[in-house]
There are 2 protein chains.
Amino acid sequence: MAGRRAQMMEETKAKLVRAARQAFAETGFADASMDELTAGAGLTRGALYHHFGDKKGLLQAVIAQIDGEMAARLAVVGERAETPWRGLLDEYRAYLEMALEPEIQRILLLDGPAVLGDPSRWPTQNACLAETTRRIRALVADGAIPPVDPEAAARLLNGASLHAALWVAASDEPEAVLAKALDAFRRLAEGLVRA
Amino acid sequence: MAGRRAQMMEETKAKLVRAARQAFAETGFADASMDELTAGAGLTRGALYHHFGDKKGLLQAVIAQIDGEMAARLAVVGERAETPWRGLLDEYRAYLEMALEPEIQRILLLDGPAVLGDPSRWPTQNACLAETTRRIRALVADGAIPPVDPEAAARLLNGASLHAALWVAASDEPEAVLAKALDAFRRLAEGLVRA
DNA sequence: GAATTGACATACGGAGCGTATGCATGTTCA
DNA sequence: TGAACATGCATACGCTCCGTATGTCAATTC
């Protein structure tokens, strides 16, 4: 049976992840206090260290959750497009828009790499990157674009999008900068298409 | 007169920056102890807070130094090339190689953005980005590539290079991965050339 | 040569993390 | 069913570390 006990435990973990997600997004990982965070969830640091080991462990859990959500959103966008190529472009547009969300930017793009190192080494295997890699692989297989290492292309495009997002977010005139970034991005992406 | 006093002061600051650079590179910003760091330079935290205000101030000084060095190296590489377009590609190859150096990767690419936010907002105006932007602007002005916002293109390419470097650095077989990354990068960059 | 400035050291307070310990509830098994 | 055991979580403690306030001594100024 599921067990009332195990269910409570999952609820506790969920509460902690929820509180951490908010705290990390608002304050940043380094300045987030574990005491405040857990108190906000009606718990103490005891629960935290019991379930997640340490502060970094909690960050990993938060990142895994966000990464999963992002991958799901990307897959939907990519599936909806008329052609696979449009699907890829739409996915990256969506990726850039997500990277503009403060929560994602702060936790996944800034603190994540600094605290846990390169994303590809994270225990939770970057579902988001896997999604775009998969799509590029399909394009190559269909002959829609000349052969290229799918993971390499995906990583470079992700990196470009990420930086574009940081730029747009820090800008004084986000709309104008976003337009420039999207234009330049399309130019780069079309480099994959040329013979 | 120059003043023996002022000279000593510069030497002190230089010693602190040097020690910080090493400590940040080895331990990472968050885990670097100011006590140990300053003691290693034969000083105390007093000197540090007197000259740099706080821990972040010291990081800014370190980053400014590294950024300046990188920009200088890039300029040399770009100047040496036979055509402006080759110059740009060479610069990015050099950028990627620099991003593979642990010190640069740790301090400038991981901790820097996490602690200080988007690089474009740093007091020390990203000399490195300015260099690549300048070169792309020249290419557009010469008609070598179709019009594109130079800063946007530079930022996207920098972002792509940076991610490629993280990937290569974390890889088990760096040479193979580096080759893939460079190939994919060339493909993207050539997107700027198409009509 | 007295006064002032500034470079740097020392001393102090507060906050935060991780661990060791305690408790109370749920589970297992004779 | 009740006693032994395991586990989710709280409490208590020590340690490290940052930032500031205060002190000191040399150098410069007049």
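Chain letters run A, B, ... following the sequence lines, proteins first, then strands; residues in each count from 1.
- Scanning all heavy atoms of the two residues, the minimum distance from B/L96 to B/L178 falls at CD2-CD1, 3.7 Å.
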Could you pull out all donor-acceptor pairs under 3.5 Å where a side-chain atom in residues 76-83 of chain A meets a protein atom, sequence neighbours excluded?
from: A/E79; atom 1: OE1; to: A/R135; atom 2: NH2; distance (Å): 3.4
from: A/T83; atom 1: OG1; to: A/R86; atom 2: N; distance (Å): 3.0

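- Within the 4.0 angstrom heavy-atom criterion, only backbone atoms of the sugar-phosphate kind lie near A/L43; the bases stay farther away.
- Pairs engaging residues 24-39 of chain A under the salt bridge (charged side-chain N to carboxylate O under 4.0 Å, His left out) rule: A/D35-A/R45 [sequence neighbours left out].
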Listed pairs under 3.5 Å, donor-acceptor, residues 47-55 of chain A side chains, sequence neighbours left out:
from: A/D54; atom 1: OD1; to: A/G57; atom 2: N; distance (Å): 3.0
from: A/K55; atom 1: NZ; to: A/F29; atom 2: O; distance (Å): 3.0
from: A/K55; atom 1: NZ; to: A/A32; atom 2: O; distance (Å): 3.1

Heavy-atom protein contacts under 4.0 Å, nucleotides 14-19 of chain C, coded B base, S sugar-phosphate only, - none: --SBBB
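- Between D/dC9 and A/T12, a contact under 4.0 Å exists linking OP1 or OP2 to a side-chain N or O.
- As rounded to whole Å, 6 Å separates atom P of D/dC9 from atom NE2 of A/H50.
- Atom CE in B/M8 sits about 12 Å away from atom P in D/dT28, given to the nearest Å.
- Qualifying salt bridge (charged side-chain N to carboxylate O under 4.0 Å, His left out) partners for B/R187, counting only residues two or more places apart in sequence or in other chains: none.
- In this structure, A/E10 places its CD atom 15 Å from C1' of D/dC9, rounding to the nearest Å.
- Every residue two or more places apart in sequence or in another chain was checked for a ring-ring contact (aromatic ring centres under 6.0 Å, His included) with A/Y95, and none qualifies.
- Straight-line distance from the CE atom of A/M9 to the P atom of C/dT27: 12 Å, rounded to whole Å.
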